[in-house]
A.B. asks: 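One structure is given below, represented as structure tokens, and several questions about it will come after.
Order of the sequence lines sets the chain letters (A, B, ...), proteins ahead of strands, with each chain counted from 1. Values below: all heavy atoms of this structure, side chains included; hydrogens, waters and symmetry mates excluded.
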Protein chains: 2
Amino acid sequence: MTTATRLSWTDVRDHIHAQILDRTYRPGDKLPRDEDIAKDLGCARSTVQRAMQDLSDAGIVERKRKGGTQVRTDPVTRTTLDIPITRKEVEQRGGIYGYQLLNRTVEDIAPWVRANFALSQPITMLHVDALHLADQRPYILEDRWISTETSPEILSVDLATNSANEWLVRNKPYTRCDLRFYAVEADQKVADKLTAPLGSALLVIERSTWIDDHPITTVRAVTRPGYQLLTQN
Amino acid sequence: MTTATRLSWTDVRDHIHAQILDRTYRPGDKLPRDEDIAKDLGCARSTVQRAMQDLSDAGIVERKRKGGTQVRTDPVTRTTLDIPITRKEVEQRGGIYGYQLLNRTVEDIAPWVRANFALSQPITMLHVDALHLADQRPYILEDRWISTETSPEILSVDLATNSANEWLVRNKPYTRCDLRFYAVEADQKVADKLTAPLGSALLVIERSTWIDDHPITTVRAVTRPGYQLLTQN
DNA sequence: TAGTGGTCTAGACCACTAA
DNA sequence: TAGTGGTCTAGACCACTAA
């Protein structure tokens, strides 16, 4: 007698993934119908469906109704990137977090802000410059703009003690978030604030959030020299 | 008579998400049990489960058996990043893709390669330098190392006509992938190859892949000036 | 150890789309 | 228009873990 172990959907996923890895099914090949796989493996079709959905989400197979399931020909490197609030990030690295408000004004938005939000009209927003510190040393310089239309309450928040980052994260959940990564050379202002050599290469993370098509905030975060962004799979 | 529309799991997810957005449930608050939500909304518990799983995957709520479901106190910005093969990337931007093999040797791995794979022993791998072009102009300079242990076949591939990028993607599916993003200043060699100003800030994408703990390849891709990486949510 | 989320099943019906 | 994947349901049992 063999023991009939019940198959979990992860078992099914791993089984099929293994067949793709060992080239039983090659890129472009069509896999059997869910129902047939279920019959073969002795599990319910919904278990196969769950497994396939995961492989599909991971970019490994492509599924079409009536068309069936195919191994993807052009796999993409798909990863999940978590960007925590800066305080958490520093603390997770075992550092002591610090924060300095550098500037706070209501003014016409800069061109890059207008571009990020795809606004046709120039408008005013709350502009906040702040410095995040790790172990007393500059860590991230943030140039943030906050819509006073979506977040009027921000005007009465004491941003010298509470970072806008933190307040927004707790009080303004968003429905859409765009990210942009690129490199810049440190200009005089950035070099001073981050105590980085003039002209050094710095990673920039721009993030813009919306709630139902209404802009909430956009931030250009310039990181200190040597900063690296990692995925954690 | 009202028409009883059947609730889909996305409806349930959106309904609960809306309640989090409108602060019916605030960060830290506990949500009702799945079963109670199901009863309230008049759907099956598994439908609520599916919705909740999605919110949990998105980092919006946190679920624990017996502990129930909570709105996350420290939401993270969680996004999915797709990195296609370079040829596809160029073509998707409407450019004409080109490729040049610059160098191909079997040699002792560089320190950064050893670090990426966490190898205790120095070993040899196939080292490939190549340039990707968009519309005849340098686009990405790649410094790639390929394990001849995991991929001995690569030694007989004509890398002058087929990019290693392309061959690996089609022939070596991986089980683990690490990514690393940072900025570098263009040194003389990089500046020459990319026709970038010496010292200009460039975004670097490092990617390392494994199959079941065996290294496949690691690549340091230095992008041309002005290159930006975007998420597409 | 009791309560909550996680998963499986079998069956039904729906939604999309290749042929 | 027929065939496939997508989803829902009701019920069962399991797995984890807060209390």
A.B. asks: Determine: side-chain N/O of B:Arg50 to OP1/OP2 of D:dC8, distance under 4.0 Å, yes or no.
C.D. replies: no
A.B. asks: Do B:Lys66 side-chain and D:dA19 base share a donor-acceptor contact under 3.5 Å?
C.D. replies: no
A.B. asks: If you assign each of A:Gly67 and A:Trp9 to its closest nucleotide in DNA chain C, which residue comes earlier from the 5' end?
C.D. replies: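 Result: A:Trp9.
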A.B. asks: Which nucleotide wins on minimum distance to the side chain of B:Thr47, given the candidates D:dG6, D:dT9, C:dG6?
C.D. replies: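 Nearest to the side chain of B:Thr47 among the choices is D:dT9.
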A.B. asks: Can you tell me the distance, in whole Å, between the CZ atom of B:Arg33 and the P atom of D:dA18?
C.D. replies: 17 Å
A.B. asks: Can you list, in residue-number order, the parts of residues 34-45 of chain B that come under 4.0 Å of DNA chain C, counting heavy atoms only?
C.D. replies: B:Asp34, B:Arg45
A.B. asks: Can you tell me how far C1' of D:dA15 sits from CZ of A:Arg6, to the nearest Å?
C.D. replies: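 Checked: the CZ to C1' distance equals 13 Å.
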A.B. asks: Considering only NZ, NE, NH1 and NH2 on the basic side and carboxylate oxygens on the acidic side, decide whether B:Arg45 and B:Glu35 come within less than 4.0 Å.
C.D. replies: no
A.B. asks: Tell me the interatomic distance from A:Gln49, atom CD, to C:dA12, atom P, rounded to whole angstroms.
C.D. replies: 18 Å
A.B. asks: Return the value, rounded to whole Å, for the distance between atom CG of B:Leu7 and atom C1' of D:dC8.
C.D. replies: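 That distance rounds to 11 Å.
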A.B. asks: One thing to verify: whether B:Arg33 and B:Asp36 come together as a salt bridge, which I'm taking to mean a side-chain N less than 4.0 angstrom from a carboxylate O.
C.D. replies: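 Judged by the 4.0 Å cut-off on N to carboxylate O distance, B:Asp36 and B:Arg33 do form a salt bridge.
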A.B. asks: Could you tell me how far apart B:Arg65 (CZ) and C:dG6 (C1') are, to the nearest whole angstrom?
C.D. replies: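 After rounding, the reported distance stands at 5 Å.
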A.B. asks: May I ask you to check whether B:His214 and B:Glu149 show a side-chain donor-acceptor distance below 3.5 Å?
C.D. replies: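 Short answer, no.
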A.B. asks: Check ring pair (Phe, Tyr, Trp, His ring centres under 6.0 Å) between A:Tyr182 and all other residues, then give those that pass, not counting sequence neighbours.
C.D. replies: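 Ring pair (Phe, Tyr, Trp, His ring centres under 6.0 Å) check on A:Tyr182 returns nothing, list empty.
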A.B. asks: Quick one: closest heavy-atom pair of A:Ala134 and A:Val90, and the distance?
C.D. replies: CB-CG1, 3.8 Å
A.B. asks: Assert yes or no for the condition that the ring centre distance of B:Trp145 to B:Phe117 is strictly below 6.0 Å.
C.D. replies: no
A.B. asks: Quick check: B:Tyr227 with B:Tyr139 (ring centres under 6.0 Å apart)?
C.D. replies: yes
A.B. asks: Check the distance between D:dA18's P and B:Lys30's NZ and give it to me in whole angstrom.
C.D. replies: 11 Å
A.B. asks: For B:Asp178 and B:Ser208, test the side chains for any donor-to-acceptor distance below 3.5 angstrom and give the result as yes or no.
C.D. replies: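 No, no side-chain donor-acceptor contact under 3.5 Å.
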A.B. asks: Dot-bracket notation for DNA chain C is requested: 5' to 3', Watson-Crick or G-U wobble pairs only, both distances under 3.5 Å, with ( ), [ ], | and . as defined.
C.D. replies: ||||||||||||||||||.
A.B. asks: Whether A:Thr69 contacts D:dG5 is assessed here as follows: a side-chain N or O lying under 4.0 Å from the phosphate OP1 or OP2. Is that the case?
C.D. replies: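 So the side chain of A:Thr69 is within the cut-off, an N or O lying under 4.0 Å from OP1 or OP2 of D:dG5.
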A.B. asks: Are A:Arg87 and A:Glu166 ion-paired here, with the side-chain N under 4.0 Å from a carboxylate O?
C.D. replies: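 A salt bridge links A:Arg87 with A:Glu166.
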A.B. asks: In whole Å, what is the span from the NZ atom of B:Lys64 to the C1' atom of C:dT4?
C.D. replies: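 Value for this atom pair: 13 Å.
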A.B. asks: Tell me: CZ of A:Arg63 to C1' of D:dG3, nearest whole Å?
C.D. replies: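 One finds 14 Å between C1' of D:dG3 and CZ of A:Arg63, rounded.
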